There are 2 protein chains.
Amino acid sequence: MIINNKIDPEFRYKKMLTKIRESGGRITSHRLALIRLLAASEGHPNATQLYEALRRQFPTISLATIYKTLALLKDEGEVLEIDLHNDSHYDGNKPYSHPHLICTHCNRIFDGDIISGIQNLNQEIEEKCNFQVSRHQLVFYGLCEECQQKVS
Amino acid sequence: MIINNKIDPEFRYKKMLTKIRESGGRITSHRLALIRLLAASEGHPNATQLYEALRRQFPTISLATIYKTLALLKDEGEVLEIDLHNDSHYDGNKPYSHPHLICTHCNRIFDGDIISGIQNLNQEIEEKCNFQVSRHQLVFYGLCEECQQKVS
DNA sequence: TTTATTATTGATAATCATTATCTACAACTA
DNA sequence: TAGTTGTAGATAATGATTATCAATAATAAA
Ligand SMILES: [Mn+2]
Ligand SMILES: [Mn+2]
Ligand SMILES: [Zn+2]
Ligand SMILES: [Zn+2]
């Protein structure tokens, strides 16, 4: 089910469709296409990027539909919103809290869920701060491997 | 210089004034008052909260002035912006990257810089992801000590 | 102290991502 | 196949933050 540090997009696709059906939602062609994109979440796209990607095949699709479907999936816990400065990006492949690495040079967003220290953090916070963590958004800014060479 | 897990506000106040002078900026009464607030940064206020706090003593102060001074101090590295969903909050007491704990019940923002695991994270990211970290924004959402009892 | 220079102010318009609104339409179901 | 109703697309509204600009005040020079 995990391929190349990524959950099988096909599995995620079906899971999202099921969740929508179970909540009484309808499956439209536009939703199908959007969910297919989100299931892979290549590059953690934002609403506009998803809109542009879908516009070719569906010229009549509306940006509002993107936002409404994203909100729906977020409510169902099937999409993670990465809240950046006036620009939300989305991960439908790993809809749970996990760290992200953002390159300040090429602006790409990488998954940082290989990092092992995260689990311990929650526990340390609960012990030292008496704070009960339910979710988190951890963002690290810097230079990705490729850009380190370009910039230096 | 560190009192009660907080940098001496007086020290921060003087440091910010020096930085503004050094960069050719002028010291106005409104800036003085705002910097005094930021140096303590009680509760990590946002622009509107700073505005409301200063309005009593300075009825003619403008929200634009708050934003412009915040941008100036941020450029000088003397204020940390905590970028939340369409609502930036500020820490002028600890202007460097550090974790924050946000209570989803009372909405208060706590400092989480007691946590020791952070230093190790950057190193782990550089090793495992080949990503060179320059700054971060780490936000943990959950229930503060007081609210855990109220909610349960 | 007086004057000249120019950064800063406050009022207000502009921006821009995201939401809300509303009617025609299409997805499900009996 | 028709009826019910959730959804789509167009567009207006929202709201935090920025940009604009003439009047003013902070600083330095005289
Ligand atoms: Mn991700
Ligand atoms: Mn802080
Ligand atoms: Zn890069
Ligand atoms: Zn609380």
Side-chain angles (χ1 to χ4, degrees), chain A residues 16-35 37-38 44-76 78-90 107 109, chain B residues 16-35 37-38 44-76 78-90 107 109:
Chain A
M16 290 195 239
L17 290 184
T18 302
K19 271 290 189 70
I20 288 185
R21 285 204 191 89
E22 284 178 354
S23 68
R26 292 176 182 176
I27 309 296
T28 69
S29 59
H30 290 177
R31 280 189 176 174
L32 268 177
L34 175 56
I35 288 171
L37 268 184
L38 289 170
H44 300 85
N46 64 16
T48 303
Q49 290 166 341
L50 291 163
Y51 176 58
E52 294 300 338
L54 292 172
R55 227 139 88 97
R56 303 170 205 158
Q57 194 178 355
F58 303 90
T60 67
I61 198 171
S62 163
L63 188 54
T65 297
I66 309 285
Y67 277 109
K68 278 180 282 196
T69 305
L70 283 170
L72 173 66
L73 290 167
K74 208 174 57 171
D75 283 345
E76 296 291 328
E78 292 301 317
V79 150
L80 176 73
E81 180 175 5
I82 308 162
D83 215 316
L84 305 179
H85 186 71
N86 287 333
D87 182 25
S88 281
H89 289 249
Y90 298 88
N107 292 315
I109 302 174
Chain B
M16 289 195 241
L17 289 184
T18 302
K19 273 289 189 71
I20 287 185
R21 283 204 192 89
E22 284 178 355
S23 68
R26 294 175 182 177
I27 309 297
T28 69
S29 58
H30 291 179
R31 280 189 175 173
L32 269 176
L34 174 56
I35 289 172
L37 267 184
L38 289 170
H44 301 84
N46 64 15
T48 304
Q49 289 166 342
L50 291 163
Y51 176 58
E52 294 300 338
L54 292 172
R55 227 140 89 95
R56 304 169 205 158
Q57 194 177 355
F58 303 90
T60 68
I61 197 172
S62 163
L63 189 53
T65 296
I66 308 285
Y67 276 110
K68 279 180 281 199
T69 305
L70 284 170
L72 173 66
L73 290 167
K74 207 173 58 170
D75 284 346
E76 297 291 329
E78 292 301 318
V79 149
L80 176 73
E81 179 175 6
I82 309 162
D83 215 315
L84 305 179
H85 185 71
N86 286 333
D87 183 26
S88 282
H89 288 249
Y90 298 88
N107 294 314
I109 303 175

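Remember, it's a predicted structure, so these values are computed and weren't measured experimentally.
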### Query
Which residues in residues 25-32 of chain B have at least one heavy atom lying under 4.0 Å from any atom of DNA chain C?
B:G25, B:R26, B:T28, B:H30, B:R31
### Query
Between which nucleotides of DNA chain D, 5' to 3', does chain B make heavy-atom contacts below 4.0 Å?
D:dA16 to D:dT27
#### Entry: Atom of A:Q49, atom of A:P45 and distance for their closest heavy-atom approach
OE1-CA, 3.1 Å
### Straight-line distance of A:I82 CD1 to A:D87 CG, nearest 0.5 Å
10.5 Å
### Task
Kindly give the heavy-atom pair with the smallest separation between B:Y90 and B:V79, and that separation in Å.
CD2-CG1, 3.6 Å
### Query
Do A:T69 and A:L38 come within less than 4.5 Å of each other through their side chains, counting heavy atoms only?
no
### Query
Which pairs count as salt bridge (Lys or Arg N to Asp or Glu O under 4.0 Å) when at least one residue sits in residues 21-30 of chain B, sequence neighbours excluded?
none
### Message
A:H89: which residues meet the ring-ring contact (aromatic ring centres under 6.0 Å, His included) condition with it, sequence neighbours left out?
### Response
none
### Task
Return the angle between end axes of the helix from C:dT1-D:dA30 to C:dA30-D:dT1, with five pairs used per end and rounding to 10°.
40°
#### Entry: Listed once per pair and sorted, the salt bridge (Lys or Arg N to Asp or Glu O under 4.0 Å) pairs that draw on residues 49-67 of chain B, sequence neighbours left out
B:E52-B:R55
#### Entry: Those residues that, when tested against B:H30, pass ring-ring contact (aromatic ring centres under 6.0 Å, His included) (two or more places apart)
B:F58
### Task
For the residue pair A:I66 and A:T48, establish whether any side-chain heavy-atom pair is separated by less than 4.5 Å.
no
### Task
Taking all heavy atoms of B:A47 and all of B:L63, pick out the closest pair and write down the distance.
O-CD1, 3.8 Å
### Task
Could you encode protein contacts along nucleotides 16-21 of chain C as a string, one character per nucleotide from 5' to 3', using B for base contact, S for sugar-phosphate-only contact and - for no contact, with a heavy-atom cut-off of under 4.0 Å?
-SSBBB
### Message
List the residues meeting side chain to side chain contact (heavy atoms under 4.5 Å, CB included) with A:L37, not counting sequence neighbours, and say none if there are none.
### Response
A:L50, A:A53, A:L54
### Message
Quick check: do A:I27 and A:L32 have side-chain heavy atoms less than 4.5 Å from each other?
### Response
yes
### Message
Whether the side chain of B:S23 engages the backbone of B:I20 through a donor-acceptor N/O pair (distance < 3.5 Å, no angle test) should be reported.
### Response
yes
### Message
As an exercise, state the distance from CD1 of A:I35 to NZ of A:K19, rounded to the nearest 0.5 Å.
### Response
12.0 Å
### Query
What salt bridge (Lys or Arg N to Asp or Glu O under 4.0 Å) pairs are there with at least one residue in residues 58-76 of chain A, not counting sequence neighbours?
A:K74-A:E81
### Query
Listed in order of residue number, which residues of residues 49-62 of chain B have a non-hydrogen atom at under 4.0 Å from DNA chain C?
B:T60, B:I61, B:S62
